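The model shown is predicted, which means the values in this text are computed figures rather than measured ones. Keep in mind that the numbers below use all heavy atoms, side chains included, and drop hydrogens, waters and symmetry copies. For ligands, and for the atoms within them, numbers begin at 1 and follow the listed sequence.
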Amino acid sequence: MQTEEIRLRPARPEDQIIIRRLVCQARLNPFDLHWSRFQVIEAGEQVVGVGQIRHHGDGTRELASLVVDPAWRGRGLGSILVRALMAQEPGPLYLVCRRELEGFYQRFGFQRISGQEMPPRFRWIDRMARLFGRSWIVMRWVP
Ligand SMILES: CC(C)(COP(=O)(O)OP(=O)(O)OC[C@H]1O[C@@H](n2cnc3c(N)ncnc32)[C@H](O)[C@@H]1OP(=O)(O)O)[C@@H](O)C(=O)NCCC(=O)NCCS
């Protein structure tokens with residue numbers, strides 16, 4: 001059982017490598033990972049969780065790149081990151097996730113939306129996911 005102190009903080013430039021590593025290991029979208037948009041969780045000296053808000057050119061905001069190191073999952077760190085990222089945005093916030101995570105994000109007020117409710121960018125992602133047989137869904141949080 002780890003006893004390191006857990007701390008949430010905005011990312012710093014030196015976190016870029018671990019952000020990329022965690023996101024790639026989790027096989028999430030490896031693009032658009034600039035450290036300046038991330039919040040991270042440290043356990044002792046080690047970054048064990050990351051997540052960001054992407055600001056898209058069409059004005060939409062996306063909660064993305066949420067990853068907790070496998071050794072640290074199931075202890076509430078992912079929830080801390082989601083709440084922190086939501087707190088820094090006025091909303092609405094969108095996200096794209098695998099279907100099995102719908103319940104996890106519902107806890108924070110995100111709701112799955114249909115194609116008609118999606119901004120064009122997310123409708124396109126949704127179409128591509130269907131085309132490639134992926135079970136991804138789009139969710140939205142409106143404060
Ligand atoms: C999703 C993730 C960030 C959650 O982090 P975490 O620190 O374990 O989250 P918490 O401890 O706050 O919450 C755990 C809850 O997440 C849910 N959960 C996590 N992964 C899940 C999965 N693959 N399927 C279903 N539920 C899952 C569980 O319901 C668990 O519920 P419990 O609290 O009743 O046990 C983490 O599992 C992860 O890094 N996954 C790989 C990357 C990923 O899929 N990220 C999401 C991209 S949209």
(request) Apply salt bridge (Lys or Arg N to Asp or Glu O under 4.0 Å) to the pair R9 and D15, showing each step before the final yes or no. (result) CA-CA 11 Å; R9 63 165 172 81; D15 299 320; 2.8 Å; yes
(request) Would you mind finding which of R73, Q25, R107 brings a heavy atom closest to atom 28 (C) of ligand 1? (result) R107
(message) Tell me whether R27 reaches ligand 1 (any heavy atom closer than 4.0 angstrom to a ligand atom).
(response) no
(message) Tell me whether R98 has any N or O atom under 3.5 angstrom from an N or O of ligand 1.
(response) yes
(message) So for G74, does at least one of its heavy atoms come nearer than 4.0 angstrom to any atom of ligand 1?
(response) yes
(message) Taking distance alone, with N or O pairs closer than 3.5 Å, would you say G78 contacts ligand 1?
(response) yes
(message) Quick check: L101 and ligand 1, any N/O pair under 3.5 Å apart?
(response) no
(message) Test your reading of the structure: does V96 have an N or O sitting under 3.5 Å from an N or O of ligand 1?
(response) no
(request) Measure S79 to ligand 1 on non-hydrogen atoms and call it side chain, backbone, both or neither using the 4.0 Å cut-off. (result) both
(message) Please tell me if atom 5 (O) of ligand 1 is touched by the protein, where touching means a protein heavy-atom distance below 4.0 Å.
(response) yes
(message) Side chain, backbone, both or neither: which applies to Y105 and ligand 1 if a contact is any heavy-atom pair less than 4.0 Å apart?
(response) side chain
(request) Would you check if there is a donor-acceptor pair between the side chains of E62 and Q52 at a distance under 3.5 Å? (result) no
(request) Could you walk me through whether C97 and E102 pass the side chain to side chain contact (heavy atoms under 4.5 Å, CB included) test, one step at a time? (result) CA-CA 7 Å; C97 69; E102 181 175 359; 5.5 Å; no
(request) Answer yes or no for L81: is there a heavy-atom contact with ligand 1 below 4.0 Å? (result) no
(request) Take the angle between the ring planes of W141 and F110 and call it parallel below 30°, perpendicular above 60°, tilted in between. (result) tilted
(message) If you scan the protein for heavy atoms around atom 43 (C) of ligand 1, do you find one that is closer than 4.0 Å?
(response) yes
(message) If I apply the N/O under 3.5 Å rule, does C97 come out as touching ligand 1?
(response) no
(request) Determine, stepwise, if the pair R121 / T60 fulfils side chain to side chain contact (heavy atoms under 4.5 Å, CB included). (result) CA-CA 9 Å; R121 148 183 299 278; T60 55; 3.9 Å; yes
